[in-house]
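Worksheet: the structure to be examined is printed underneath.
Computed from a predicted model, the values in this text were never measured in an experiment. We number each residue from 1, following the sequence as shown.
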Amino acid sequence: MLVGLGLGPGDPELLTLRAVRLLTEADAVYVPGQIAKALVSPYREAEILDFPMTEDQEQIRRSMEQNADQIAATAQDGLVVLGILGDPNFYSTFSRLCAVIRERYPAIVCSTEPGVSSITAFASVADLSLSGGFIVSDGAVPSSQILLKVKKPQATRDQLKQEGFSEFVLVERMFMDEMKVYRNEELQQTSDYFSIMFARR
């Protein structure tokens, strides 16, 4: 099993309790660079993997394949953690690495554990309240939306369909008792106050 583990924005005190536990339990720990290695060093020795910062897609692919092969040696029968700055689902190379692993080693399960993202860390450092709607982008035109407190999922989905969205996921009571995940046509007419919907064009 391979777990993409969020290490937060760079302060070792912002690692989650779950992150610390997984680092200590893992059979092997990898990180993408020196900053991440320093963050995990109080809990575990980690090996640095090469993820080149380049626009050369062939070089990126070769690097992903080499990293996948190295990780697979342990992940096929044990627990491997790849520590990622911030959150592994937020503009991270982890999803690309998992795609390669699924191609080459389909028996290996990939999962993620969240960390404090740069977005919420920024709001804290800048002393900003991120209330109301806002857009997060790396410069590309946004292709998805995340909506909070969705009390009428079906009506929201139907409205978004008219705007060109076609993929929908709703998580109700996330990390709480009776957490549920609904996709596309499974969406209910009403949902709990603690609900988040993802929509993609």
Side-chain angles (χ1 to χ4, degrees), residues 1-126 130 136-139 146 171 174-176 179 181 196 198:
M1 181 177 192
L2 171 62
V3 176
L5 180 64
L7 300 176
D11 185 336
E13 291 188 345
L14 291 178
L15 267 70
T16 66
L17 294 174
R18 186 175 296 187
V20 172
R21 177 175 61 79
L22 285 169
L23 288 170
T24 57
E25 291 178 354
D27 296 298
V29 176
Y30 296 98
V31 290
Q34 289 292 345
I35 296 175
K37 185 173 183 177
L39 281 173
V40 306
S41 63
Y43 311 104
R44 188 62 181 272
E45 182 67 27
E47 183 173 347
I48 295 176
L49 295 178
D50 181 34
F51 291 94
M53 302 294 287
T54 177
E55 298 295 324
D56 186 336
Q57 295 302 313
E58 289 187 8
Q59 183 181 355
I60 292 173
R61 175 71 188 193
R62 286 195 302 271
S63 175
M64 291 290 179
E65 290 176 348
Q66 291 169 1
N67 291 336
D69 292 343
Q70 185 169 346
I71 287 169
T74 304
Q76 291 185 96
D77 299 308
L79 172 63
V80 174
V81 165
L82 176 61
I84 302 285
L85 287 173
D87 185 286
N89 295 299
F90 227 141
Y91 296 111
S92 160
T93 57
F94 184 73
S95 58
R96 296 186 69 172
L97 175 63
C98 284
V100 174
I101 286 179
R102 290 186 185 105
E103 289 175 10
R104 298 167 77 87
Y105 305 96
I108 294 178
V109 175
C110 292
S111 67
T112 60
E113 290 294 343
V116 175
S117 75
S118 61
I119 308 306
T120 51
F122 164 79
S124 177
V125 169
L130 299 179
V136 176
S137 173
D138 60 353
I146 295 176
V171 178
M174 181 171 56
F175 291 113
M176 301 178 186
M179 181 180 80
V181 180
I196 299 178
F198 171 82

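Put simply, CE on Met53 and OG1 on Thr93 are 9.0 Å apart, with the number rounded to the nearest 0.5 Å. To the nearest 0.5 Å, the span separating CZ on Phe51 from CG on Leu82 amounts to 5.0 Å. Atom-to-atom distance recorded for Ile101:CD1 and Cys110:SG is 4.5 Å, nearest 0.5 angstrom.
Evaluation of the salt bridge (charged side-chain N to carboxylate O under 4.0 Å, His left out) test over residues 86-95, restricted to residues two or more places apart or in two chains, returns none.
Only one option out of Ile84, Val40, Leu39 pairs with Val31 in a side chain to side chain contact (heavy atoms under 4.5 Å, CB included); it is Val40.
The two residues Val29 and Arg44 make their nearest non-hydrogen contact at CG2-CG, 3.6 Å. Summarising the geometry of Glu103 relative to Arg61, their closest heavy-atom pair is OE1-NH2, 2.6 Å, with the distance given to 0.1 Å. The shortest heavy-atom contact between Phe94 and Val3 is CZ-C, 4.0 Å.
Without hydrogens or angle criteria, Ser63 side chain to Gln59 main chain gives no donor-acceptor distance under 3.5 Å. Judged by distance alone, the side chain of Thr120 and the main-chain N or O of Ser117 form a donor-acceptor pair under 3.5 Å. Formation of a donor-acceptor pair under 3.5 Å by the Arg102 side chain with backbone atoms of Ile108 is not found in this model. Checking side-chain atoms of Gln76 against main-chain N and O of Ala72 turns up a donor-acceptor pair under 3.5 Å. Although no hydrogens or angles enter the test, the distance criterion places no donor-acceptor pair under 3.5 Å between the side chain of Ser124 and the main chain of Ala121.
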Set out, in order, the CA-CA distance, both residues' side-chain angles and the distance that settles side-chain hydrogen bond (donor to acceptor under 3.5 Å, both in side chains) for Asn67 and Tyr30, then state yes or no.
CA-CA 10 Å; Asn67 291 336; Tyr30 296 98; over 6 Å; no
Show, in sequence, the C-alpha distance, side-chain angles and deciding distance for Ile146 and Ile196, and conclude whether the side-chain contact (heavy atoms from CB on, under 4.5 Å) test is met.
CA-CA 7 Å; Ile146 295 176; Ile196 299 178; 3.6 Å; yes
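Between Glu45 and Lys37 there is a salt bridge, with a side-chain nitrogen of the basic residue lying less than 4.0 Å from a carboxylate oxygen of the acidic one.
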